[in-house]
Protein chains: 2
Amino acid sequence: MATIYEVAALAGVSPATVSRVFNGLAVSEEKQRLVRDAAARLAFTPNKTARRLRKRSSEIIALLIPDIENPFYTALARGVEDRAQESGFSVVLCNTDDDPGKELRYLQIAASEQMAGVILSPASDEVDLGAIVSLGRPVVAVDRTTPYPVDAVKIDNRSAGIAATKALFDAGYRRVACIAGPAGIEATEDRVHGWRQVVASRMREGYLRHANFRVDGGHAAMTHLLALDTPPDAVVTTNNLMAVGALQALVEAGISPETFGVAAVGELPFMALAPASVVQVRLPARHLGTTAATMLLERIAGDAQPLRTVVLRAEVAPPASPREEWARKESAL
Amino acid sequence: MATIYEVAALAGVSPATVSRVFNGLAVSEEKQRLVRDAAARLAFTPNKTARRLRKRSSEIIALLIPDIENPFYTALARGVEDRAQESGFSVVLCNTDDDPGKELRYLQIAASEQMAGVILSPASDEVDLGAIVSLGRPVVAVDRTTPYPVDAVKIDNRSAGIAATKALFDAGYRRVACIAGPAGIEATEDRVHGWRQVVASRMREGYLRHANFRVDGGHAAMTHLLALDTPPDAVVTTNNLMAVGALQALVEAGISPETFGVAAVGELPFMALAPASVVQVRLPARHLGTTAATMLLERIAGDAQPLRTVVLRAEVAPPASPREEWARKESAL
DNA sequence: CTGAAAGCGCTAACAT
DNA sequence: ATGTTAGCGCTTTCAG
């Protein structure tokens, strides 16, 4: 790879001028042409590492998500990416697997790589953002919050929980259970609160079950619920993947999803043949991403306004055919 | 962030010694202790940017995939990540969207960021790997190949196509159509060849349809096939997502997937309620990733053996219940 | 085994 | 508007 010195020599100017040309600073038309020609002839590409060492910052933002195989997060990632690209930033996707250890490692990498900022969906309430924040790097929490004072963009989770649960009662179900994510994550607990609030006034016993956020977790929890003496006749899951597991458990138990109510906070992924009776509370995943990226980029650009928390509202969705689902989804892109 | 100079001063040694300690080079026990203590006291983390500038290479590998929302590629990505982590490498995920322009941009970034190597699933047969290769950075093509002379790991696509098609004939279907991906991608064309080979000896007319690799493409293609004068009674899709679309189209047309045969090269994602009759030819996505990563890391370590192409075999899968599917999947992790 | 010193390629004062 | 120069923090000869 050629350096600015070689370009400068070939163009007959100083290295500084070459640098200026590539940074859009004031340089005469003529020298500009000279430099560009020389650069082209040498196939010169600025060395970002050197630039970064000098400027002590890069045009890269880190995005830490808990599960790269969950379509909710890939959609969110796309949102971040789209927005970042517009501003010439690249995004590095880091999969934390909900493991605080991995999360910490990635945070350190973000710091030592001089990344411009980080967007994260914390694996636990106890992420240590101290190091990265004290370095002056902006941080935005997305989807999940953290007690650490940083910008955040989240969903109105309680309303989402309420909406999902209400839809089930409206459809005539009476014993509405809830399959929640792991304790200690505010987002899922808020959804549970929503469920509890609706349920409290209508039934006595509480069917609450905690599980991991994945398909197997939803399956196990549903299986347990069905084994109860008085099993529920409907269930709310606090994320998309657990709903898939719950549906599987129902099918296995020979229970038609038409007779058993299922509502999910989130969109069921790739449901070719989802029963029309499944209620989905749509989460603006991609929008979450673009919003977070916008906030982060503003901070990177020097915006110093007080900390903000943006709350996005989930859209209560009536059951729809799979095809309608997709039509909607595609058009949203 | 503290620098080696500050650590050196505090420890009473030279900067070089600090560097040696952090690189595992020979340093006396005593000074080693001194340095580590000082480093700990200052919360010193080596500046990777400076190191990279000096060493002209980083411990980062770029992974370019066509569609981050396709579970096949996220599984592949996990494989790459797992393997990379073991060797202390980080992986940067780049979503090309099957767009040669984006692909080129990411390739340039990989070069100017001094990434150690790149693993890519080319968006087209005409990627220009010249720049990156001439820089001496190793490249491994995965899933899809490229005419450029680089290492590759692929799937035995023709056999996969044959297996999917045969399974349909064995099940008694006689008019087996094929929904293929875009022309110009060897992987999908090889699968089509497999289909054609099986079909040629058993039926006269050919039901071949090209589509994009996504759900909407599969849906449109299936809709067209069903509108034919003599529609097929079964279909093979050359990837996972198009099968989802095809199933949707069938459901819409009021055709039970039990009476219409469906076989996919790839695993249907998150199929909570997949009809047991869908044949899936399992692709070792994650294994593809670990293999590619292993090859790349060997090259990075200086391995200079001749170019290799590893061909992985797809596993012909009998239809299974959704639950069995997941049990299998989880245990594979 | 350890220290001194020379860069890696770029940017940003400071001059001119 | 342009050139000169001094680093950014680290690794790596080269001496000792």
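Quick note: numbers below take in every heavy atom, side chains included, and nothing from hydrogens, waters or symmetry partners. In what follows, chains carry the letters A, B, and so on, assigned in the order in which the sequence lines appear, proteins first and then strands, with residues in each chain numbered from 1.
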Applying a 4.0 Å non-hydrogen cut-off, can you work out what [X] is touching in the nucleic acid: base, sugar-phosphate, or nothing?
X: B:Phe22; value: nothing
X: B:Ser19; value: base
X: B:Val27; value: sugar-phosphate

(message) Going by ring pair (Phe, Tyr, Trp, His ring centres under 6.0 Å), name the residues that satisfy it together with B:Tyr148, two or more places apart in sequence or in a different chain.
(response) none
(message) Tell me every residue that passes ring pair (Phe, Tyr, Trp, His ring centres under 6.0 Å) with B:Phe22, counting only those two or more places apart in sequence or in another chain.
(response) B:Phe44
(message) For the helix from C:dC1-D:dG16 to C:dT16-D:dA1, what angle separates the axis at the start from the axis at the finish, each from five pairs, in steps of 10°?
(response) 30°
Is [Y] close to [X] at the side-chain level, that is, under 4.5 Å between some pair of heavy atoms?
X: A:Val139; Y: A:Thr146; answer: no
X: A:Val13; Y: A:Val27; answer: no
X: B:Gln32; Y: B:Arg20; answer: no

(message) Taking the nucleotide of DNA chain C with the nearest heavy atom to each, does B:Ser28 or B:Ala50 sit closer to the 5' end?
(response)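 The answer here is B:Ser28.
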(message) Short of 4.0 Å, heavy atom to strand atom, which residues of residues 30-40 of chain A count as contacting DNA chain C?
(response) none
(message) Expected output is a numbered-order residue list: members of residues 54-62 of chain B with a heavy atom under 4.0 Å from any atom of DNA chain C. What is it?
(response)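 Those residues are B:Arg54, B:Arg56.
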(request) Walking along DNA chain D from 5' to 3', note the first and the last nucleotide with an atom under 4.0 Å from a heavy atom of chain B, and give both. (result)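 Extent of the interface on DNA chain D: D:dG9 to D:dT13.
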Under a 3.5 Å distance rule, please check whether [X] uses its side chain to pair with a backbone N or O of [Y] as donor and acceptor.
X: B:Ser87; Y: B:Phe89; value: no
X: B:Arg137; Y: B:Ala111; value: no
X: B:Thr49; Y: A:Thr49; value: no

(message) Between the side chains of A:Glu86 and A:Arg83, is the shortest nitrogen-to-carboxylate-oxygen separation below 4.0 Å, so that they form an ion pair?
(response) yes
(request) Answer yes or no: is there an ion pair linking B:Glu298 with B:Arg308, defined by an N-O contact shorter than 4.0 Å? (result) yes
(request) With sequence neighbours left out, write down each residue that passes side chain to side chain donor-acceptor pair (under 3.5 Å) with A:Glu103, or none if nothing qualifies. (result)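 For A:Glu103 there are no side chain to side chain donor-acceptor pair (under 3.5 Å) partners, ignoring immediate neighbours.
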(request) Using salt bridge (charged side-chain N to carboxylate O under 4.0 Å, His left out) as the criterion, list what pairs up with B:Arg144, not counting sequence neighbours. (result) B:Asp98
(message) Minimum heavy-atom separation for B:Asp143 and B:Ala187, please, with both atom names.
(response) O-CB, 3.9 Å
(message) Minimum heavy-atom separation for B:Pro284 and B:Leu312, please, with both atom names.
(response) CG-CB, 4.1 Å
Please tabulate, one pair per line, each protein N/O and nucleotide N/O from nucleotides 14-16 of chain C that are separated by under 3.5 Å, including the distance.
none

(message) Any residue in residues 5-13 of chain B with a heavy atom nearer than 4.0 angstrom to DNA chain D? Just list them by number, or reply none.
(response)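 Within residues 5-13 of chain B, the residues near DNA chain D are B:Tyr5.
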Counting only pairs under 3.5 Å, give me each side-chain donor-acceptor contact of residues 53-68 of chain B, with atom names and distances, residues two or more places apart or in other chains.
| from | atom 1 | to | atom 2 | distance (Å) |
| --- | --- | --- | --- | --- |
| B:Ser58 | OG | B:Ile60 | N | 3.4 |
| B:Ser58 | OG | B:Gln114 | O | 2.8 |
| B:Asp67 | OD1 | B:Glu69 | N | 2.9 |

(request) Can you tell me which residue pairs pass the salt bridge (Lys or Arg N to Asp or Glu O under 4.0 Å) test with a partner in residues 25-34 of chain A, sequence neighbours excluded? (result) A:Arg33-A:Asp37
